[in-house]
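What follows is a set of notes on a single structure, which appears directly below.
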Protein chains: 2
Amino acid sequence: MKKAYISTNCGILSAASVVGKLEKQGPLGACFDLHSVDDRFGQKTWEKAEAEMQRLALNTALAKGELSDRDLDAIFAGDLLNQCIGAAYGLKDFQTPYFGLYGACSTVAEGLILASLLVSSGQMEYAAAVASSHYCAAERQYRSPIEYGAQRAPTAQWTVTGAGAFIVGEADHAMAFVKGVIPGTVIEKGVRDSANMGAAMAPAATHTLLRFFEETGTRPSDFDLIATGDLGYEGGDIFCQLMALEGVDIRPVYNDCGMMIYSRDTQDTHAGGSGCGCSATVLASYLLPKLAAGELHRVLLMGTGAMMSPQSIQQGESIPAVAHLICLTSEEEKEWELF
Amino acid sequence: MKKAYISTNCGILSAASVVGKLEKQGPLGACFDLHSVDDRFGQKTWEKAEAEMQRLALNTALAKGELSDRDLDAIFAGDLLNQCIGAAYGLKDFQTPYFGLYGACSTVAEGLILASLLVSSGQMEYAAAVASSHYCAAERQYRSPIEYGAQRAPTAQWTVTGAGAFIVGEADHAMAFVKGVIPGTVIEKGVRDSANMGAAMAPAATHTLLRFFEETGTRPSDFDLIATGDLGYEGGDIFCQLMALEGVDIRPVYNDCGMMIYSRDTQDTHAGGSGCGCSATVLASYLLPKLAAGELHRVLLMGTGAMMSPQSIQQGESIPAVAHLICLTSEEEKEWELF
């Protein structure tokens with residue numbers, strides 16, 4: 001089979017995170033750049049609030065990187081809203097070529113892969129990746145408006161209200177280096193329960209991670225951290241089990257952004273966080289600063305996405321999923337040769 | 001301002017088109033590869049029919065290119081359905097890394113740009129771009145189910161039932177050569193009428209085309225054809241007027257895929273065709289074969305997309321739009337230097 005792994009030579013220069021109230025109250029609360037105490041960000045609708053989060057996130061990431069939108073060669077952005085209006089409206093005032101993405105909750109990883117490939121090839125100098133989700137907008141679109149008070153299944157995850165933005169550029173002076181990427185293949189193993197998306201996405205994460213180890217000759221102990229985007233407690237456990245069945249024990253270095261963002265003790269989100277904003281905000285606020293500070297050295301991040309719609313589920317379809325992988329290192333491990 | 005134009009060095013190796021009944025009856029009817037007499041493609045729902053069109057289109061394009069899915073490094077695909085389920089479900093059985101796109105009706109141009117950039121850089125050997133739309137699925141999602149019999153505005157366009165797939169690879173022996181690309185910037189000029197999307201998209205097409213002429217030093221007479229994806233009669237006319245106001249007369253070489261696909265005399269689609277499938281099927285079935293045969297030599301194709309959703313319109317927002325440009329040439333013009 002053809003190799004999916006592609007080496008890159010670039011870095012993430014700056015990143016920013018914008019979150020809602022619940023995320024601000026969580027264990028990573030102090031790490032986020034901006035938040036709104038009522039999740040509204042001064043807007044009249046949840047959808048406009050989500051768009052505003054994207055605008056704020058990219059603005060902040062640009063400011064941190066001492067860049068303007070005119071320096072960017074492209075923005076890669078998306079979200080979970082129908083027709084991706086969070087990204088389209090939130091970013092419409094940036095004077096930058098725009099690539100709209102739909103990778104469900106894997107969007108930020110998908111965007112970082114494309115930005116990294118095009119910067120590494122020299123076709124672009126600076127490219128941004130932006131993604132968001134909003135709990136209230138997602139609930140009314142995918143399930144029921146929050147005012148309805150529907151009971152949630154124990155395996156259900158909590159859509160993160162948050163947006164993350166990242167500026168990719170040349171490797172010098174980056175917060176972290178992008179060593180390589182694997183764009184994920186769509187995997188569908190027959191899971192039809194849209195209240196258990198972790199289970200639907202775990203096989204896709206397994207497929208991508210096994211492929212990464214096989215193609216690069218690395219193993220879990222080569223990494224400080226292997227993080228998935230939003231498998232949550234349920235999906236994360238299934239993922240570790242699926243990997244173990246293939247003879248690969250990832251538990252010592254495994255974590256999931258959906259398990260990191262909320263406190264299991266004090267914040268009852270059932271199976272953990274989810275949404276495009278989950279991996280985007282955890283990467284921007286927590287993982288990248290740790291890589292920049294040399295507290296983490298070799299990190300694999302897999303953005304995980306469930307590609308169904310409410311309509312496809314109503315029509316009896318299973319949930320296809322995808323997992324996009326990026327391999328990040330600190331300054332010290334910049335020259336690390338994977339092969 | 002930074003240049004948006006990026007030179008490429010690759011070709012479209014093969015292409016395939018799949019359409020519905022109305023498209024088959026239109027002036028390009030004889031050019032399409034596959035069609036369904038009832039627009040259902042053997043499926044029980046319109047959404048599944050759309051997914052099936054994507055599968056058929058990519059299968060046919062691969063077969064024409066004498067390739068299999070295992071030869072592809074990536075698929076870039078999308079559609080208009082919520083959460084892009086046409087692409088996600090239609091292409092899930094191809095064993096290929098998958099990048100989901102949301103560019104509204106500009107999706108095929110967006111996919112061709114990304115595929116062309118990554119093949120030109122040598123990071124990928126073969127990449128596919130696929131996009132689709134389905135009249136009945138689009139009507140019930142964006143407006144009302146067709147059974148309701150709603151009256152259409154004179155400026156409304158008819159969503160094409162169709163899918164197109166393209167294989168991008170090295171330039172030798174290609175049907176057409178991709179000389180360069182400009183990813184579009186999101187432009188919003190205050191149009192709120194979702195029954196007149198041509199008007200909403202015309203300023204984005206103007207922005208991209210002016211930028212192309214400025215950055216490459218070319219002019220309309222350098223081209224056999226400048227085609228937009230789906231501005232239709234209404235938007236196409238506005239586009240020509242906007243270009244004329246900037247001192248550029250494109251009328252002698254201008255056409256629009258939405259004006260080409262249906263007969264204005266015998267098929268009353270009001271302002272012409274639209275949808276991701278519009279530019280995808282016209283490019284695959286008509287423009288590329290003409291480039292391959294040497295009947296066209298220098299073509300600009302601009303995929304045009306309106307990035308609103310029914311919800312954003314209900315919430316009083318305007319329609320942001322984008323236009324992605326690819327510059328195609330025949331074998332004879334392969335060495336043409338634009339600058």
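Below, read A as the first sequence line, B as the second, and so on, with proteins coming before strands; counting in each chain starts at 1.
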- line: When the 4.5 angstrom heavy-atom criterion is applied to A/L81 and chain B, the contacting part is backbone
message: Shorter than 4.5 Å, heavy atoms on both sides: which option in A/R70, A/E47, A/Q95 has the most such pairs with chain B?
response: A/E47
- request: Name the region of A/F76, side chain, backbone, both or neither, that has any atom closer than 4.5 Å to a heavy atom of chain B.
  value: side chain
message: Between B/L118 and A/L118, is the side-chain contact (heavy atoms from CB on, under 4.5 Å) condition met? List the steps.
response: CA-CA 7 Å; B/L118 293 167; A/L118 293 167; 4.1 Å; yes
field: Donor-acceptor under 3.5 Å (B/E110 side chain, A/G100 main chain)
entry: yes
message: What I want to check is whether the side chains of B/N82 and A/Q311 have a donor and an acceptor closer together than 3.5 Å.
response: no
message: Within this structure, what is the CD-SG distance for the pair B/Q83 and A/C84, rounded to the nearest 0.5 Å?
response: 8.0 Å
- prompt: So with a 6.0 Å cut-off around CG of B/D71, is the heavy-atom count from everything else above 12?
  reply: yes
field: Engaged part of A/Y126 at the chain B interface, taking heavy atoms whose separation is under 4.5 Å
entry: both
- request: Go through B/I75, B/D73, B/I6 and name the one with the most non-hydrogen pairs under 4.5 angstrom from chain A.
  value: B/D73
task: Among the options A/E188, A/M307, A/Q315, pick out the one with the most heavy-atom pairs lying under 4.5 Å from chain B.
output: A/Q315
- prompt: chain B: which of A/P310, A/G103, A/G184 shares the most heavy-atom pairs with it under 4.5 Å?
  reply: A/G184
message: Closer than 3.5 angstrom, by distance alone: can the side chain of A/K92 be matched with the main-chain N or O of B/A321 as a donor-acceptor pair?
response: no
query: Quick one: of B/I187, B/I85, B/T107, who has the most non-hydrogen atom pairs under 4.5 Å with chain A?
result: B/I85
query: If every non-hydrogen atom of A/P183 is compared with every non-hydrogen atom of B/P97, which pair is closest and at what distance?
result: O-CB, 3.3 Å
- prompt: With distance as the sole criterion, is a donor-acceptor pair present between the side chains of B/Y89 and A/S312 under 3.5 Å?
  reply: yes
message: Given heavy-atom pairs under 4.5 angstrom as the criterion, report whether the side chain, backbone, both or neither of A/K44 touches chain B.
response: neither
- request: Would you confirm whether A/Q123, through its side chain, and B/L117, through its main-chain N or O, come within 3.5 Å as a donor-acceptor pair?
  value: yes
task: Go through the steps for B/E317 and A/K48 under the test side-chain contact (heavy atoms from CB on, under 4.5 Å), then give the verdict.
output: CA-CA 10 Å; B/E317 301 262 26; A/K48 291 186 186 188; 3.2 Å; yes
- request: Any chance you could lay out the side-chain contact (heavy atoms from CB on, under 4.5 Å) test for A/T96 and B/T185, step after step, and finish with the verdict?
  value: CA-CA 5 Å; A/T96 308; B/T185 299; 5.7 Å; no
query: Side chain, backbone, both or neither: which part of A/L91 has an atom under 4.5 Å from a heavy atom of chain B?
result: neither
- prompt: Atom OG in B/S309, atom CD in A/Q141: separation rounded to 0.5 Å?
  reply: 8.5 Å
task: Could you look at A/S318 and say if it's the side chain, the backbone, both or neither that has a heavy atom under 4.5 Å from chain B?
output: backbone
message: Check this for me: A/N9, atom CG, are more than 12 non-hydrogen atoms of other residues, nucleotides or ligands nearer than 6.0 Å?
response: no
field: Option in B/I182, B/V322, B/L114 with maximal non-hydrogen atom pairs under 4.5 Å from chain A
entry: B/L114
query: How long is the span from the CD1 atom in B/I113 to the CZ atom in A/F99, to the nearest 0.5 Å?
result: 5.5 Å
query: Which answer fits A/M308, side chain, backbone, both or neither, if we ask what part of it has an atom under 4.5 Å from a heavy atom of chain B?
result: both
message: Evaluate B/K2 against A/E125 for side-chain contact (heavy atoms from CB on, under 4.5 Å), listing each step before the verdict.
response: CA-CA 10 Å; B/K2 215 165 178 178; A/E125 186 183 8; 2.9 Å; yes
